[in-house]
Novice: 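Below: one structure in structure tokens.
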There are 2 protein chains.
Amino acid sequence: MTDNIELDAVIKALAHPVRRQILAWLKEPERWFAEQPTPFEAGVCAGMIDKKTGLSQSTTSAHLATLHRAGLVETQKIGQWIYYKRNEANIRAFLDAISTSL
Amino acid sequence: MTDNIELDAVIKALAHPVRRQILAWLKEPERWFAEQPTPFEAGVCAGMIDKKTGLSQSTTSAHLATLHRAGLVETQKIGQWIYYKRNEANIRAFLDAISTSL
DNA sequence: CTTGTATATCGAACTTTTACGATATATATT
DNA sequence: AATATATATCGTAAAAGTTCGATATACAAG
């Protein structure tokens, strides 16, 4: 979050309601993804998020990739699943950066 | 800044480097717009901002309109000039909103 | 009332983003 | 090995954003 190129990527990532919604859901996985059989330690697996957005699998995957490229989420691959969770450190770093720069 | 529709407009407004740059310039008008003959009480007039962006007059006007629609700047018309300045209250409200919602 | 200046709006070209279905890749199961 | 499942990537079409020059509007000055 030191240079402006990254800040730009983060703001653009946040500039879509679906991506903000995903980040919001990931704040309370147990609440929004209760159907997930595995524990939320590693995060929420992509397919659960697909279902919730109502968008196609490929579109949701692209949104997740954007969030990941921006550093707002981190991933963990377990078997054939890829779990997503918030990267709280980077989110806080972004909030700090925008608070001082804006 | 109470509902999400406005937050969306603000984030989208911030999702362009030129618009963020304009907001940054407006933090220190005396520094960045020293050529402006009138005092900065009312803000910086649009034409000065045009010159600084290097973009066309119409494009800069559109960026300013986006910032204004989002509530990030306020305007004051004096004669044939329209002065722009930051709306600090709304900027702070946005920072609060995104800090809690994100 | 004409001319000039400041800004906004319009219309069109171009670029970027979004979205989808189809396909590819990787892993797991049989 | 063959099949099934989870996710990513590709190709493409539609939508949104950016930019420009030209024009409109509003005000000021002569």
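The figures here come from the full heavy-atom set of this structure, side chains too, leaving out hydrogens, waters and symmetry mates. Throughout, protein chains are lettered first and strands after them, A, B, ... in sequence-line order, and every chain is numbered starting at 1.
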Novice: Quick check on C:dA6: is either OP1 or OP2 less than 4.0 Å from any side-chain nitrogen or oxygen of B:Tyr84?
Specialist: no

Novice: For D:dT19 and B:His16 - does any side-chain N or O of the residue sit under 4.0 Å from the phosphate oxygens OP1/OP2?
Specialist: yes

Novice: Hey, does the side chain of A:His63 come within less than 4.0 Å of C:dT17's phosphate (OP1/OP2), counting only N and O?
Specialist: no

Novice: CG of B:Leu55 versus P of C:dA8: gap in Å, rounded?
Specialist: 15 Å

Novice: By nearest nucleotide on DNA chain C, pick out whichever of A:Ser56 and A:Gly79 is the more 5' one.
Specialist: A:Ser56

Novice: Quickly work out the A:Lys51 NZ to D:dT5 C1' distance and round it to whole Å.
Specialist: 12 Å

Novice: Under 4.0 Å between a side-chain N or O of B:Ser61 and OP1 or OP2 of C:dA8?
Specialist: yes

Novice: With nearest nucleotide decided by heavy atoms, which residue, A:Lys77 or A:Arg19, maps closer to the 5′ end of DNA chain C?
Specialist: A:Arg19

Novice: Using the ring of each side chain (for Trp, its six-membered ring), is A:Trp25 parallel, tilted or perpendicular to A:Phe33, with breaks at 30° and 60°?
Specialist: perpendicular

Novice: Would you tell me if any nitrogen or oxygen in the side chain of A:Thr59 comes within less than 4.0 Å of OP1 or OP2 on C:dC20?
Specialist: yes

Novice: Taking only Lys NZ, Arg NE, NH1 and NH2, and the carboxylate oxygens of Asp or Glu, determine whether B:Lys12 and B:Asp8 approach each other closer than 4.0 Å.
Specialist: yes

Novice: Rounded to whole angstroms, how far apart are OH on B:Tyr83 and P on D:dA26?
Specialist: 19 Å

